[in-house]
Amino acid sequence: MIERTLFDSDHEAFRESVKHFAEREVTPHLLRWDEAGAVDRKIWQQCGELGILCPTVPAEYGGAGVDRLFSMIVLEELAPLGGLGISLSMHSDIVAPYLLAFASSTVKTAYLPKMVTGEMIGALAMSEPSTGSDVKAVKTTAAKVSDGYVINGSKIFISNGFECGLVVVVAKTDPAAGAKGISLFLLDASMPGFKKGKKLKKVGLKSQDTAELFFDNVHVPASHLLGEENKGFGYLMHELPWERMQIAIAAVASAEAALELTIGYTRERQAFGKPVIDFQNTRFKLAELRSELQIAQVFVDRCMELELKKQLDPVTAAMAKYWCTDLQCKVVDECVQLHGGYGFMQEYAIARAWTDARAQRIYGGTNEIMKDIISRTL
Ligand SMILES: Cc1cc2nc3c(=O)[nH]c(=O)nc-3n(C[C@H](O)[C@H](O)[C@H](O)COP(=O)(O)OP(=O)(O)OC[C@H]3O[C@@H](n4cnc5c(N)ncnc54)[C@H](O)[C@@H]3O)c2cc1C
């Protein structure tokens, strides 16, 4: 295996603490959380205490102000354990960066410290019942009034939507202008007219909070406009390489964990008087998966080097998102096969890995949209 060179001793110490936290506070609850359709709310505060939330947020807002490798570590350790990793990365590494980049200092001071502690959970609301891939077709409107905006519309499939305290909402400030009429707003869930719909029942990522949101004449003060009016589409594009990298990172880590699990299982499981791993088919299959994951890891790590230097371009990030999530789905499917019937039983971690993986090819921009982005450069 090729040695990874991204991390220093501080990163490794942090990884150990996240690993121990996961063993103690996450793994024992996974089945219960899946059945309940939610994680315990207190896990967010526990993550906050350990510095797992918003690690890159600067110290003036309560964060550690460290580099994105710390976020990568959180994902690598927690994404293989179900929906919590994705929920945390939405909060820490998608929503918080929007506030940092585009919110006024008053808004930053009001919200970021609460995000760092886990007191408030963040969400990003782009998708709507009638549009997901085509963001510029959103129908939610933000009409200008004397002291701010009035927002009307609805959103669907919003990660952290049910528990969120704040949401970055994509809305049209100039409906006739397409992508040039989109703005971003920070909504507080306590604002009158902001309603949360039911928690959506998913086939995978069962404990991950995904919900509908409704805005019925929500009055938003002008200070909650993020950046400038009608520049929202550009802002959404700004952080996309990093957002897609997060999905690729989660994909490779989750697939690697599934492979490890399967190597262990096939060593233990006997068929025809010998361990399943002793069949040539099993060894060759595991060898193929190990090779492909090693190749994926090297690519992801190189992309991360570029990301740290702010040199990761949208096309390369699209390649990472598409290829790594396709690979993840292939790996976990083969791993289920090598578990036989037990691989289809809910209490087996490999079954959860299989159902959880599927959404990775859909959110963050579908893999078809990734190929469209790549194909435009041919
Ligand atoms: C678990 C989960 C969590 C999510 N979290 C969030 C969240 O936090 N915030 C948020 O805003 N959204 C979230 N989403 C929504 C997600 O981003 C969308 O589902 C996704 O972007 C696809 O949009 P859609 O479902 O409307 O599919 P559609 O856009 O209707 O696409 C349907 C099919 O058509 C294909 N297609 C569409 N356009 C093209 C094209 N130009 N070329 C080729 N094929 C195309 C798609 O690839 C897909 O296969 C989440 C979704 C899931 C499942």
Side-chain angles (χ1 to χ4, degrees), residues 4 6-30 32-33 38-100 108 111-124 159-160 162-166 168 205 207-210 239 242-243 245-254 256-257 300 304 307-308 356 364:
R4 300 181 73 189
L6 282 173
F7 307 106
D8 64 22
S9 56
D10 287 346
H11 296 122
E12 294 304 350
F14 181 68
R15 186 187 293 282
E16 283 311 302
S17 71
V18 179
K19 223 180 239 178
H20 288 138
F21 173 76
E23 280 163 13
R24 251 188 0 258
E25 306 293 345
V26 179
T27 307
H29 305 294
L30 288 175
R32 181 172 63 78
W33 287 349
V39 300
D40 297 331
R41 178 63 179 83
K42 71 169 188 195
I43 196 78
W44 285 85
Q45 275 96 340
Q46 290 174 309
C47 287
E49 282 158 23
L50 206 68
I52 287 178
L53 298 181
C54 309
T56 59
V57 163
E60 61 181 306
Y61 303 115
V66 290
D67 63 37
R68 286 184 164 169
L69 290 171
F70 286 82
S71 303
M72 185 180 198
I73 288 166
V74 173
L75 265 171
E76 288 183 341
E77 296 306 321
L78 295 182
L81 301 175
L84 183 64
I86 292 294
S87 287
L88 297 183
S89 75
M90 170 56 75
H91 170 89
S92 301
D93 292 295
I94 297 180
V95 178
Y98 278 114
L99 267 67
L100 275 173
K108 283 184 202 169
Y111 290 97
L112 284 171
K114 290 180 182 169
M115 291 184 74
V116 171
T117 59
E119 187 186 329
M120 258 195 176
I121 297 175
L124 170 66
S159 298
N160 300 341
F162 198 74
E163 292 287 356
C164 70
L166 64 119
V168 173
L205 295 171
S207 66
Q208 193 238 11
D209 158 9
T210 310
E239 284 284 335
W242 170 228
E243 290 168 19
M245 270 309 294
Q246 292 171 46
I247 298 174
I249 291 165
V252 175
S254 302
E256 184 60 42
V300 162
M304 200 58 198
E307 169 57 32
L308 291 171
D356 287 355

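To the nearest 0.5 Å, atom CD1 of residue I73 and atom NZ of residue K19 are 10.0 Å apart. Atom OG of S89 sits about 10.0 Å away from atom CG of L84, to the nearest 0.5 Å. C47 SG to K42 NZ: the interatomic distance, rounded to the nearest 0.5 Å, is 11.5 Å. Note: M72 CE to L308 CG = 8.5 Å, rounded to the nearest 0.5 Å. Atoms NE2 and CD, from H20 and E77 in turn, are 10.0 Å apart once rounded to the nearest 0.5 Å. Here the CZ-CG distance, from R32 to L30, works out to 10.0 Å after rounding to the nearest 0.5 Å.
Of all heavy-atom pairs spanning V95 and L124, the tightest one is CG2-N, 3.9 Å. What you find for C54 and A96 is that their closest heavy atoms are SG-CB, 4.1 Å. Nearest heavy-atom pair, I86 versus A250, reported as atom, atom and distance to 0.1 Å: CD1-CB, 4.4 Å. Taking all atoms of both residues into account, the shortest heavy-atom contact from L205 to G83 is CD2-CA, 3.7 Å. The two residues M245 and M304 have their closest heavy-atom pair at CE-N, 4.1 Å.
R68 has a carboxylate O that lies under 4.0 Å from a charged side-chain N of E239, or vice versa, which qualifies the two as a salt bridge. Using a cut-off of 4.0 Å between Lys/Arg side-chain N and Asp/Glu carboxylate O, R4 and E12 are scored as not salt-bridged.
No donor-acceptor distance shorter than 3.5 angstrom exists from the side chain of S207 to the backbone of A38, with no hydrogens or angles considered. Formation of a donor-acceptor pair under 3.5 Å by the N160 side chain with backbone atoms of S87 is found in this model. The backbone N or O of V26 lies less than 3.5 Å from no partner atom in the side chain of H29, so there is not a single donor-acceptor pair. A side-chain donor-acceptor contact under 3.5 Å links Q246 to the backbone of D93. In terms of modelled atom types and a separation under 3.5 Å, the side chain of H91 and the main chain of G122 share a donor-acceptor contact. D40 places no side-chain N or O within donor-acceptor distance of the main-chain N or O of I43, the cut-off being under 3.5 Å. For S254 (side chain) and A251 (main-chain N/O), no donor-acceptor pair under 3.5 Å exists by modelled atom type. The backbone N or O of A22 lies less than 3.5 Å from a partner atom in the side chain of T27, making a donor-acceptor pair.
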Dump the intermediate steps for side-chain contact (heavy atoms from CB on, under 4.5 Å) on V74 and F70, then the final yes or no. CA-CA 6 Å; V74 173; F70 286 82; 5.8 Å; no
List the steps and the verdict of side-chain contact (heavy atoms from CB on, under 4.5 Å) for T117 and E49. CA-CA 7 Å; T117 59; E49 282 158 23; over 6 Å; no
Quick one: do I52 and Q46 satisfy side-chain contact (heavy atoms from CB on, under 4.5 Å)? Show the steps, please. CA-CA 9 Å; I52 287 178; Q46 290 174 309; over 6 Å; no
What do the steps show when you test L69 against F14 for side-chain contact (heavy atoms from CB on, under 4.5 Å), and what is the final call? CA-CA 10 Å; L69 290 171; F14 181 68; over 6 Å; no
Can you check salt bridge (charged side-chain N to carboxylate O under 4.0 Å, His left out) on E60 and K108, steps first, answer last? CA-CA 10 Å; E60 61 181 306; K108 283 184 202 169; over 6 Å; no
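L100 has its side chain within reach of Y61: a pair of non-hydrogen atoms, C-beta onward, lies under 4.5 Å apart. Within the 4.5 Å cutoff, the side chain of D67 has no heavy atoms near those of the T56 side chain. Side-chain contact check for I121 versus M115: every heavy-atom pair is 4.5 Å or farther apart. Residues W44 and V39 are in side-chain contact: their nearest non-hydrogen atoms beyond the backbone lie under 4.5 Å apart.
Looking only at atom types and distance, the side chain of T210 has a donor-acceptor partner in the side chain of Q208 under 3.5 Å away.
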